[in-house]
Q: 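Structure provided below as structure tokens; questions to follow.
First listed ligand is number 1; within each ligand, the first listed atom is number 1. Scope of the values below: all heavy atoms of this structure, side chains included, with no hydrogens, waters or symmetry mates. Owing to the predicted nature of the structure, the values given are computational and were not obtained by experimental measurement. For this chain, numbers begin at 1 and follow the sequence in order.
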Amino acid sequence: MNAVHTPSRDFLNRLQIFCAVILIAGTVSAARAQSPQPVTLKINADETTGSVSPRLYGLMTEEINYSYDGGLYGELVRNRTFKWSNEEPLYWHLIQENGGAGAMSLDINQPLNSALSTSLKLEITKASRREPVGVANDGFWGIPVRPNTKYRASFYARTDKKFSGPLEVSIVSTNGATVFATANIRGLGGDWKKYEVTLTTKDVPTSADNQLRITARHAGTVWFSCVSLFPPTYNNRPNGNRPDIMQLLADMNPKFLRFPGGNYVEGNTFATRFDWKKTIGPISQRPGHFDDAWHYWSTDGMGLLEFLEWCEDLHMEPVLAVYADYSMREGALTNELDFCVQEAMDELEYVTGDTTTKWGAMRARDGHPAPFKLNFVEIGNEDNLGTGGRTYDLRFTKFYDAIKAKYPNIQVISTATSRSRILRTRTPDVYDDHFYNSSMQMQSDSHHYDDYDRNGPKIFVGEWATREGSPTPNMNAALGDAAWMTGMERNSDIVIMASYAPLFVNVNPGGMQWRTDLIGYNTLTSYGSPSYYAQKMFNLNHGDAILPVDAENIPTREWQAPARRGGATPPSRQVPFIFYDATRDTSSGVIYLKVVNTGGDERTVHIQIDGNVKISPNGESVAMSAGTPDATDSIAEPNKIIPITTQVAGLGNDFTRTFPPYSITVLRLMAGAPAAPLTKTDRKPVETFESATPPPAAAPAQPQAAASSATGLKVVHVDSEETVGEDGKGANAVDGDPQTFWHTQWQDATPEPPHEIVIELPATESIKGFTYLPRQDDVDNGTIKDYEFSVSTDGTNFGEPVAKGSFQNSKEKKTVTFTPVTCRFVKLKALSEVNGGAWTSAAEIGVIPAN
Ligand code: AHR
């Protein structure tokens with residue numbers, strides 16, 4: 001007998017309690033609703049609803065927030081190939097000491113090779129032993145100096161005939177006062193040649209405010225290319241990764257790595273995609289590319305082989321995303337489809353082919369003769385967004401057929417989501433679904449996959465995060481994450497893989513493009529966020545069999561979900577305070593019970609374990625909690641919120657346990673290995689709750705400016721719109737419904753303002769102003785700050801703006817008036833956004849007739 005309350009009975013109970021409390025107290029927050037009955041979780045240890053996916057928890061990565069350059073990738077020199085800017089050698093400085101003199105410039109006439117076509121020219125006009133002249137690099141927010149550490153410096157150089165004498169390579173404090181390590185390089189000449197030297201620090205204090213300097217004490221000209229400095233790397237790999245960040249990842253025991261994106265795989269244009277063939281071979285032959293998805297230069301030092309070696313180092317399975325002939329701004333290039341499919345096939349051969357194959361041999365040339373095992377390939381990234389959905393069916397089919405013909409065992413992942421219904425011609429093996437939500441949204445959606453079709457494609461939740469906290473998530477985010485993970489784990493017969501995104505953020509000023517990132521770091525140290533630890537807790541503590549859990553009397557709070565973009569406000573929902581799931585390791589017998597208490601009150605839970613099992617009174621608890629939901633970890637306090645493992649007594653087949661406020665707990669319940677295989681049973685959907693409060697009445701339409709009725713205006717142009725499919729085109733800004741709004745595309749955060757919307761009036765008329773209502777939901781981006789408003793009679797010739805100004809950040813309707821003008825078309829141009837973001841939105845735009 002299933003002990004789960006039926007929603008309707010539970011609803012009636014709650015309604016009675018709710019009404020009674022209102023009668024007595026007059027007013028009560030539904031958010032404090034308490035359950036009078038003991039909260040009970042009943043687990044059957046002999047039954048299973050399915051298997052836990054062995055590769056459930058993994059990582060997703062791309063070049064965002066200085067994830068590789070300035071992050072995981074060990075390179076310490078910023079702009080090592082001088083290609084970041086065509087104008088100037090960014091992050092490089094000229095050193096002229098004690099009267100020495102020289103000049104530094106970019107030179108495209110002395111290329112090292114076709115990949116590194118720009119070199120740095122140092123012209124030394126005056127130098128001597130006491131007057132060194134040279135160049136210095138600031139690194140990524142400094143160069144980390146540690147005691148007794150070996151650094152590998154290398155560069156290519158050539159000189160003119162005049163230059164004689166060595167170069168001095170040193171790691172020096174930025175103020176020049178302390179030289180931590182130095183070495184001389186001799187024998188330079190007229191031809192490009194690579195020079196390498198090891199720099200070893202003494203017993204010096206750790207510091208970051210340092211530079212790499214290359215100086216000379218003789219006049220003449222020197223050209224540099226590919227200047228590199230590497231500290232010790234994880235597993236001592238040449239061109240390898242930062243050990244502290246790798247260790248954080250290793251501690252999570254991730255099962256796979258989805259790479260190389262994300263928006264980064266697509267770029268904004270075909271030319272700025274992740275062009276894998278340009279990311280292999282010696283770093284001196286990698287041109288690098290501008291990461292226009294996230295606005296900085298990528299050396300591609302973290303190239304295809306480095307991603308694969310990263311997988312190898314951490315025993316992760318590669319999940320390779322191939323470029324699918326779609327870039328975010330440029331869209332799909334029909335002429336390039338066959339080329340892109342072939343590029344992907346070559347890529348698969350580079351990864352998996354033996355050395356008798358063309359691309360397998362290239363991999364061997366690059367230092368890795370052994371092929372990699374590849375089970376999963378994803379076609380593109382988020383192709384249900386932008387205009388991707390128009391062509392994805394065609395593109396997916398081409399890739400799918402080519403891959404399956406040669407690699408029938410590779411699982412092909414659709415990046416258009418399971419709900420997008422874009423794919424009609426082929427059925428993918430797996431759908432990649434993405435979720436970026438608030439904590440309450442994640443909690444209220446934790447049963448997302450409970451009813452998902454078990455007979456269709458599997459699910460990869462390839463990007464997900466509770467986005468609360470910046471740069472890294474706070475405890476409230478971790479609670480949302482944990483609630484969400486109980487849902488994924490309970491459904492991991494169908495949710496076979498999941499990876500949080502983004503993974504990394506460099507917390508230095510200017511390092512972040514996307515807030516709420518799992519792991520933060522600066523030049524010297526790194527830390528895991530509460531969400532990092534929540535993931536670690538889940539991944540290190542689960543069995544292979546999902547156990548059925550019945551729940552009783554789970555307390556809830558009422559929550560009003562925000563309106564979806566462009567949609568009406570949904571009914572409010574009851575969201576539980578307690579989330580849970582149980583799994584069992586069928587070899588050891590251990591039962592892992594996870595309990596998440598998202599509320600500010602401690603909760604006592606009665607736990608019963610049925611079946612042919614004897615639970616030891618002694619077990620273990622791994623628990624993480626915080627005093628307030630906004631508490632978090634940081635560079636300054638990396639261990640403020642971390643899980644604590646303790647031995648616990650008083651467990652058994654029937655016990656109670658109190659879970660602290662704002663806590664995530666895993667109980668390891670010791671039971672012997674099951675005597676017989678667990679019996680397969682039906683899944684038990686978790687209790688869902690109806691609202692005790694009727695859905696809010698539709699919000700009254702804002703009064704429109706006279707004569708511009710909601711239906712009278714027509715949007716004829718928007719420069720950017722966030723669309724799923726092909727709806728909208730800005731119509732939400734003139735539909736008279738303040739809950740729906742026009743929003744410019746935001747996924748790549750790259751359509752920088754200005755943004756514009758052009759609206760046609762029902763007839764040519766005289767107007768004396770306009771109104772602007774910002775989006776009304778609780779999201780605080782998109783409000784226009786600096787604007788220009790102009791008018792036209794023919795829709796193409798807009799003269800000087802009739803009004804310019806700056807709006808304040810509030811949800812209030814703004815009204816702007818001007819001297820009456822006659823027009824048929826109006827254009828509102830957003831020059832900036834109140835949060836400095838790339839977005840613009842408008843719930844309603846109206847015009848004010850002159851008469
Ligand atoms: O994770 C940040 C971005 O979110 C990814 O690049 C993209 O796939 C998604 O829109």
Q: Does Arg286 come within less than 4.0 Å of Glu75, counting only side-chain N to carboxylate O?
A: no
Q: If we only count N/O pairs under 3.5 Å, is Trp514 in contact with ligand 1?
A: no
Q: Is Asn381 in polar range of ligand 1, meaning some N or O pair under 3.5 Å apart?
A: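 The answer is yes, given that Asn381 and ligand 1 share an N or O pair closer than 3.5 Å.
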Q: As an exercise, identify every atom of ligand 1 less than 4.0 angstrom from a heavy atom of Trp294.
A: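 Counting atoms of ligand 1 from 1, those under 4.0 Å from Trp294 are 3 (C), 6 (O).
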Q: Return yes when Tyr264 approaches ligand 1 closer than 4.0 angstrom through a heavy atom, no otherwise.
A: no
Q: Within a distance under 4.0 Å of any heavy atom of Glu62, pick out the atoms of ligand 1 and give their elements.
A: 1 (O), 2 (C), 3 (C), 5 (C), 6 (O)
Q: For Gly261, is the nearest heavy atom under 4.0 Å from an atom of ligand 1?
A: no
Q: Considering the options Thr299, Asn241, Asp300, Asn239, which one meets the side-chain hydrogen bond (donor to acceptor under 3.5 Å, both in side chains) requirement together with Tyr73?
A: Asn239
Q: Between Glu463, Glu63, Gln513, flag the one that comes closest to atom 9 (C) of ligand 1 by a heavy atom.
A: Glu463
Q: Thr272 and His289: which non-hydrogen atoms are nearest, and at how many Å?
A: O-CD2, 3.5 Å
Q: A cation-pi test, strictly: NZ or CZ of Arg395 under 6.0 Å from the centre of the six-membered ring of Tyr392 and no more than 45 degrees from its axis. Yes or no?
A: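 Checked: cation-pi criterion not met.
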Q: Please name all residues satisfying side chain to side chain donor-acceptor pair (under 3.5 Å) with Thr81, sequence neighbours left out, ordered by chain then number.
A: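 Expected list: none.
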Q: Decide if the gap between the ring center of Tyr91 and the ring center of Trp297 is smaller than 6.0 angstrom.
A: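 That pair fails the under 6.0 Å test.
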Q: Taking the six-membered ring for Trp, are Phe307 and Tyr68 closer than 6.0 Å centroid to centroid?
A: yes
Q: N/O of Asn263 under 3.5 Å from N/O of ligand 1, yes or no?
A: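 Looking only at distances, the answer is yes, because the N/O contact criterion of under 3.5 Å is met.
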Q: Looking at Glu382, which atoms of ligand 1 are within less than 4.0 Å of one of its heavy atoms?
A: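 The atoms of ligand 1 under 4.0 Å from a heavy atom of Glu382 are 7 (C), 8 (O), 9 (C), 10 (O).
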